[in-house]
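A quick note: this is a predicted structure, and the numbers were derived from the prediction, not measured. All values below were derived from every heavy atom in this structure, side-chain atoms included, with hydrogens, water molecules and symmetry-related copies excluded.
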Amino acid sequence: MHEGDEMGQVFKALADTTRRRLLDRLHAGNGQTLGALCRDLEITRQGITQHLAVLEAAGLVVAVRRGREKLHYLNPVPLHEIHVRWIAKFERADLDALSTLKHDLEQYDLEQYDPDQKEKPVEKLAEKPKLVYVTYIASTPERVWSALTDPEQTARYWGHRNVSTWEKGAGWEHVGNERGDVQIVGTILEIDPPRRLVHTWAGLADADDPARRSRVTFEIEPAGDTVRLSVTHEDLPQEQLAGTRNGWERVLASLKSMLETGQGLPSIL
């Protein structure tokens, strides 16, 4: 799929009020069932399903199965790519209105819920991922895998070197470019090149505390003439959610830029 087609689908999806409201609800509480998303909306379940299909086609929503439940997650990567493509490289006041897209998705109006639901607007389901991202990259699975596991390539788009022997049970370190200090550590749990990589994730101070370790899963799939890269980051401590969410948006946009243009985004290097 070409860039114009991808962005065209995103703009089409954002043009509808109900779909924007669904994105608002997912931003307020990620990982919701169809039933939770239908609550208080004056539209049938079939109608909501159709709106979700449009959002999924645009890459703005990702559906994940957890047992018998189908959970829906906001995928902010396409929005970040719009920001990079249409806002960040211009410094013009007449583009300020476009930047409100991001603001609207971040400022959820709790008054849309009735009073009984303000305290608990989202169904709480155990063992669900905290963050789910999907991006499509004009590349090959082998090149994407190399970009995730080669320290010199991660330095080019992430500003850090990911260092490991890349074997199950091996250690993993996230090393800063400038001073070479280890900032995040983990253990390789699963590795299946060039399809799947799972490792734990913890700051140095939390490395010995199982309750503070989160888990990252990378899944790489061919998708026509592109590659579908899915990243799931789960079991995060609550106070780390916001910073981790913003970090993944920038990293994945920079990875896509490096593989497609040869250069990562300078803003995160």
Side-chain angles (χ1 to χ4, degrees), residues 1-66 69-88 95-114 117-118 120-125 128-136 223-224 226 228-232 241-242 245-246 248-249 252-253 256:
M1 185 180 294
H2 298 295
E3 178 192 54
D5 297 331
E6 293 175 353
M7 290 194 173
Q9 285 189 306
V10 173
F11 282 117
K12 176 184 176 182
L14 292 172
D16 183 85
T17 302
T18 300
R19 291 196 285 269
R20 292 197 300 271
R21 191 173 178 186
L22 290 171
L23 293 177
D24 286 340
R25 289 194 165 189
L26 289 176
H27 186 272
N30 231 351
Q32 296 194 52
T33 63
L34 176 62
L37 290 171
C38 288
R39 184 183 297 143
D40 301 330
L41 292 179
E42 296 179 358
I43 187 171
T44 65
R45 288 174 65 94
Q46 182 180 5
I48 294 297
T49 299
Q50 292 173 347
H51 281 301
L52 287 172
V54 174
L55 292 169
E56 288 186 49
L60 291 166
V61 168
V62 179
V64 177
R65 290 235 173 239
R66 281 296 181 270
E69 299 280 4
K70 184 178 181 181
L71 307 178
H72 300 85
Y73 290 84
L74 171 66
N75 178 37
V77 174
L79 294 174
H80 189 78
E81 290 171 0
I82 287 176
H83 176 79
V84 171
R85 174 66 176 84
W86 294 104
I87 300 173
L95 289 177
D96 286 347
L98 186 57
S99 68
T100 61
L101 283 174
K102 182 174 184 292
H103 175 78
D104 289 343
L105 291 172
E106 291 176 345
Q107 301 299 319
Y108 182 72
D109 182 6
L110 284 176
E111 293 180 359
Q112 294 180 16
Y113 289 106
D114 62 40
Q117 292 165 352
K118 286 184 180 180
K120 189 178 179 182
V122 180
E123 291 183 354
K124 300 298 183 182
L125 299 171
K128 67 180 183 182
K130 294 293 186 181
L131 300 173
V132 178
Y133 301 93
V134 174
T135 186
Y136 290 84
T226 67
R228 184 181 192 266
L229 172 63
S230 304
V231 180
T232 304
L241 277 175
R245 178 188 295 117
N246 294 334
W248 278 120
E249 293 175 23
L252 293 176
K256 178 180 173 72

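Note that NZ of Lys256 and OG1 of Thr226 are 8.0 Å apart. Values are rounded to the nearest 0.5 Å. Here CG of Leu14 is found 11.0 Å from OG1 of Thr17. Values are rounded to the nearest 0.5 Å. Atom CG of Leu229 and atom CG of Leu252 lie 6.0 Å apart (nearest 0.5 Å). Taking CD of Gln32 as the start and CG of Leu52 as the end, the distance is 10.5 Å to the nearest 0.5 Å. Taking CG from Leu22 and CG from Leu34, the interatomic distance works out to 9.5 Å, rounded to the nearest 0.5 Å. Rounded to the nearest 0.5 angstrom, Glu249 CD and Thr135 OG1 are separated by 11.5 Å.
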Discussion item. Before you tell me yes or no, could you show the steps for Thr33 and Leu71 under side-chain contact (heavy atoms from CB on, under 4.5 Å), namely the whole-Å CA-CA distance, both residues' side-chain angles and the distance that decides it to 0.1 Å?
Written reply: CA-CA 5 Å; Thr33 63; Leu71 307 178; 3.8 Å; yes
Discussion item. Assess the residue pair Leu55 and His72 against the criterion (side-chain contact (heavy atoms from CB on, under 4.5 Å)); give the C-alpha distance rounded to whole Å, side-chain angles, the decisive distance to 0.1 Å, and a yes or no.
Written reply: CA-CA 10 Å; Leu55 292 169; His72 300 85; over 6 Å; no
Worksheet entry | Val61 vs Leu23, side-chain contact (heavy atoms from CB on, under 4.5 Å): CA-CA, chis, key distance, verdict | CA-CA 8 Å; Val61 168; Leu23 293 177; 3.8 Å; yes
Item to complete: In sequence, state the C-alpha distance, the side-chain angles, and the governing distance for Val77 and Val134, and then conclude on side-chain contact (heavy atoms from CB on, under 4.5 Å).
Response: CA-CA 7 Å; Val77 174; Val134 174; over 6 Å; no
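What you find for Val10 and Ala58 is that their closest heavy atoms are CG2-O, 3.6 Å. Contact detail for Arg19 and Lys12: the closest heavy-atom pair is NH2-O, 3.2 Å. Scanning all heavy atoms of the two residues, the minimum distance from Arg39 to Arg25 falls at O-NH1, 2.5 Å. Contact detail for Thr18 and Asp16: the closest heavy-atom pair is N-OD2, 2.9 Å. In terms of heavy-atom proximity, Gly35 sits nearest to Arg45 at CA-NH1, 3.7 Å. Of all non-hydrogen atoms in Tyr133 and Arg245, the two that sit nearest each other are OH-CA, 3.0 Å.
Under a 3.5 Å cut-off, the side chain of Asn30 and the backbone N or O of Leu74 do form a donor-acceptor pair. Using modelled atom types, one side-chain atom of Asn75 and one backbone atom of Gly59 make a donor-acceptor pair closer than 3.5 Å.
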